[in-house]
Amino acid sequence: MQRRSRGINIGLLLLLSQIFHVGISNIPPVTLATLALNIWFFLNPLKPLLSSCLSVEKCYQQKDWQRLLLSPLHHVDDWHLYFNMASMLWKGIHLEGRLGSRWFAYVITTFSLLTGVVYLFLEFALAELMDEPDFRRNCAVGFSGVLFALKVLNNHYCPGGFVNVLGFPVPNKFACWAELLAIHFISPG
């Protein structure tokens, strides 16, 4: 996992354009703070990606638990940041408006930690069940786990209906899984 190259960050420019298009005053405070925090850590990472990514080997075996806090706030490149934060923008506007800012802040914080714990558990279980130690070294960063959890929560509050995933209508209750498959096929790494 290598840090993005410096230069023109088109994904970051598109994200800023989208934020200004929506209007900063139209973005609820916790959503705006989450966007700002992720952009800040993209531009000023606390640690390099290899020192902030989440893996069983680094987190559990070497007891580097700060990675649980760092990994959701770091992104591989500007496109990774763009897609995650564009999704956060829309989910945040809907959910924070529905739940209120305090509850939404609690949800974001809890999901940020729990998705990391679930990731570690799944990687550990795969390593054991398949007798494949490489799963312990798989390292992940980004806000995607939190976004999938928010999507499930959003589907709970807004059941029914359909969304468009790669041009196919998918019932809302299956949208998370369809998006996960689509991402895997579009970007398998």
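Values reported hereafter were calculated over all heavy atoms of this structure, with side chains retained and with hydrogens, waters and symmetry mates removed. This one's a predicted model, so the numbers in the text were calculated from it and none came from an experiment.
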Of all residues at least two apart in sequence or in a different chain, which pass the salt bridge (Lys or Arg N to Asp or Glu O under 4.0 Å) check with Arg98? none
To the nearest 0.5 Å, atom CE of Met88 lies from atom OG of Ser144 at 13.0 Å
Can you check whether Thr34's main-chain N or O pairs, donor with acceptor, with Asn38's side chain at less than 3.5 Å? yes
If I take atom SG from residue Cys53 and atom NZ from residue Lys47, how far apart are they, to the nearest 0.5 angstrom? 11.0 Å
Pairs in or reaching into residues 86-109: which pass ring-ring contact (aromatic ring centres under 6.0 Å, His included), with residues at least two apart or in two chains? Trp103-Tyr106
Check: Ser17 side chain, Leu13 main-chain N or O, donor-acceptor pair, under 3.5 Å: no
Crowding at CG, Asn26 (>12 non-hydrogen neighbours, <6.0 Å): yes
Between Asn84 and Val146, is a side chain to side chain contact (heavy atoms under 4.5 Å, CB included) present by the stated rule, with each step listed? CA-CA 10 Å; Asn84 278 348; Val146 177; over 6 Å; no
Qualifying residues under ring-ring contact (aromatic ring centres under 6.0 Å, His included), relative to Phe162, sequence neighbours excluded: none
Identify the heavy atoms of Leu35 and Met85 that sit nearest to each other, and give their distance. CD2-O, 3.4 Å
Derivation and outcome, side chain to side chain contact (heavy atoms under 4.5 Å, CB included), residues Leu69 and Leu113: CA-CA 7 Å; Leu69 301 172; Leu113 292 172; 3.5 Å; yes
Under a 4.5 Å side-chain heavy-atom rule over Ile, Leu, Val, Met, Phe, Trp and Tyr, are Leu114 and Leu153 clustered together? no
Leu15 and Ile10: same hydrophobic cluster, using ILVMFWY side-chain contacts below 4.5 Å? yes
Answer whether the closest heavy-atom distance between the side chains of His75 and Val141 falls below 4.5 Å. no
Identify whether Val152 and Phe111 are in the same connected component of the hydrophobic contact network (ILVMFWY, side-chain heavy atoms under 4.5 Å). no
Going by heavy atoms in the side chains, are Ser51 and Lys58 under 4.5 Å from each other? no
Is the count of non-hydrogen atoms from other residues, nucleotides or ligands lying under 6.0 Å from Trp40 atom CH2 greater than 12? no
What distance do Ile39 atom CD1 and Leu73 atom CG have between them, rounded to the nearest 0.5 Å? 12.0 Å
Going by heavy atoms in the side chains, are Asn9 and Leu81 under 4.5 Å from each other? no
Any chance you could measure Ser52, atom OG, to Asp64, atom CG, to the nearest 0.5 Å? 9.5 Å
According to a hydrophobic-cluster definition based on side-chain heavy atoms being under 4.5 Å apart (Ile, Leu, Val, Met, Phe, Trp, Tyr only), do Phe124 and Leu126 belong together? no
Calculate, to the nearest 0.5 Å, the distance between atoms CZ and CD belonging to Arg137 and Glu132 respectively. 8.0 Å
So, for Asp78 and Gly11, which heavy atoms are closest and what is the spacing to 0.1 Å? OD2-N, 2.7 Å
Leu54 with Val76, same ILVMFWY side-chain cluster at under 4.5 Å: no
Please check this pair: side chain of Glu96 against backbone of Val30, looking for a donor-acceptor N/O pair closer than 3.5 Å. yes
Heavy atoms only: give me the nearest Ser112-Phe143 pair and the separation to one decimal. OG-CE1, 4.0 Å
Is the closest side-chain heavy-atom distance between Val22 and Ile93 below 4.5 Å? yes
Heavy-atom closest pair (Gly142 atom, His80 atom, distance to 0.1 Å) is CA-CE1, 3.7 Å
Atom of Leu150, atom of Leu95 and distance for their closest heavy-atom approach: O-CD1, 3.5 Å
Is there side-chain contact between Lys91 and Asn154, with at least one heavy-atom pair below 4.5 Å? no
First locate atom CD1 of Ile19, then atom NE2 of His21, and finally report the distance between them rounded to the nearest 0.5 Å. 12.5 Å
Is there side-chain contact between Cys139 and Glu57, with at least one heavy-atom pair below 4.5 Å? no
Can you give me the closest heavy-atom contact between Pro29 and Ser101, atom names plus distance? CG-OG, 3.5 Å
Residues Phe135, Asn138; criterion side chain to side chain contact (heavy atoms under 4.5 Å, CB included); working and verdict: CA-CA 5 Å; Phe135 283 111; Asn138 285 350; 3.5 Å; yes
When the ring planes of Phe41 and His74 are compared, do they come out parallel, tilted or perpendicular, using 30° and 60° as the limits? tilted
Under 4.5 Å between any side-chain heavy atoms of Lys151 and Asn155, yes or no? yes
If you define the side chain from C-beta out and look only at heavy atoms, does anything of Leu120 sit under 4.5 Å from Leu68? yes
